[in-house]
Trainee: 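Please find one structure pasted underneath; my questions will follow.
Computation of the quantities below employed the complete heavy-atom set of this structure, encompassing side-chain atoms and omitting hydrogens, waters and symmetry-equivalent molecules. Please read all numbers here as calculations on a predicted model, not as lab measurements. In listed order, ligands and their atoms are each counted from 1. The first residue in the sequence is number 1, and the count goes up from there.
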Amino acid sequence: MRWPAEAIWEAVAPLLPGFTVEILPELDSTNSELMRRSRDGRSEPVLLVAERQTAGRGRLGRGWQSAAGDSLTFSLGVPLAPADWSGLSLAVGASVAEALHPAIRLKWPNDLWLDDRKLGGILIETASFGTGSAGGRYAVVGIGLNLAPRPAEGLSTPPAALRELLPYAQAPDVLQLVAAPLVADVLRFAQAGFEAFHSHFDARDALRGRAVTLSDGSAGVAQGVSESGSLLVHTAAGLQAVSSSEVSVRPAAP
Ligand code: BTN
């Protein structure tokens, strides 16, 4: 595969000094690799792509399965100091969806959806580096996108594929579309917080107005997200703000 590493570097390096692009044929997981590097004291900004992951990770300890050529798997590692981290995954989702296609919706808090099926997922992890004024946090923003249809077995949400929207999409082209806007948006988030992305999320919110079931057993109607990116759910007990660490959410069966 021919990857647009240089074009991405040229677009991003002016925004992010020290930025590099690295494409590897195989890794266990791009997120795991960047978290290992940050533990070893390497916290420079990097876009790390794996053509194949052997132990891809999803949220909540799940795995992320993908086949070389039929998916795009990469992570952006970047030192980041936002005043408030809440809503970062929503901002990332909005950035990727906008870079790709108007039909892509966002399923709070971390999924890219097409027609109620899962097109991609986002796994954000952070690590601290250094100490005192020389220290900070390193954010690892991992993104997995299905390009071709994949087996639905074992998945809680049926999968969708980007080629349903962009029939000839290849992983390098898709990376070229999303990478520079993603870096720009993550840096913007660090400056302006979720507020700068709230209306962008709203425009693609897949749950708003729909009956949802929360993993704590309660149910209600999704009412968009709060200023900090919490999901607002109208339940029998009133309006609840749900943060992603508390519960997961599914649209209720019709
Ligand atoms: C989810 O939907 O649960 C999140 C999936 C995130 C998958 C991506 S693929 C690139 C990066 N490396 C990983 O191991 N996971 C993320």
Trainee: On the six-membered ring of W108, is R210 placed so that its NZ or CZ lies under 6.0 angstrom from the centre and within 45° of the ring axis?
Mentor: no
Trainee: What are the two closest heavy atoms between W3 and A171, and how far apart are they?
Mentor: CH2-CB, 3.5 Å
Trainee: Heavy-atom distance under 4.5 Å between the side chains of I104 and W113, does that happen here?
Mentor: no
Trainee: Could you tell me whether ligand 1 has any atom less than 4.0 Å away from a heavy atom of Q53?
Mentor: yes
Trainee: Salt bridge check: are R36 and D28 linked by an N-O gap of less than 4.0 Å?
Mentor: yes
Trainee: Just need the protein heavy atom nearest to atom 5 (C) of ligand 1, so name the residue and atom and give the distance.
Mentor: W64 CE3, 3.5 Å
Trainee: Distance under 4.0 Å to a non-hydrogen atom of T30: what atoms of ligand 1 satisfy this?
Mentor: 10 (C), 11 (C), 12 (N)
Trainee: Counting each atom of ligand 1 from 1 as listed, which ones have a heavy atom of S75 under 4.0 Å away?
Mentor: 11 (C)
Trainee: Nearest to atom 3 (O) of ligand 1, what protein heavy atom do you find, and at what distance?
Mentor: R59 N, 2.6 Å
Trainee: Only heavy atoms of G58, strictly under 4.0 Å: list the atoms of ligand 1 that pass.
Mentor: 1 (C), 3 (O), 4 (C), 5 (C)
Trainee: Please determine if E125 and R137 form a salt bridge, counting it only when a charged side-chain N lies under 4.0 Å from a carboxylate O.
Mentor: no
Trainee: Only heavy atoms count here, so choose which of Q65, K118, R57, K107 is nearest to atom 1 (C) of ligand 1.
Mentor: K118
Trainee: Considering only heavy atoms of I143, which atoms of ligand 1 have at least one such atom less than 4.0 Å away?
Mentor: 8 (C), 9 (S), 10 (C)
Trainee: Using a 4.0 Å cut-off to any heavy atom of G56, which atoms of ligand 1 qualify?
Mentor: 14 (O)
Trainee: Where on I122 is there a heavy atom closer than 4.0 Å to ligand 1, on the side chain, on the backbone, on both, or on neither?
Mentor: backbone
Trainee: How about D84 and S86: does a side-chain donor come under 3.5 Å of a side-chain acceptor?
Mentor: yes
Trainee: Distance under 6.0 Å and angle within 45° of the ring axis: does R188 meet both against F197?
Mentor: yes
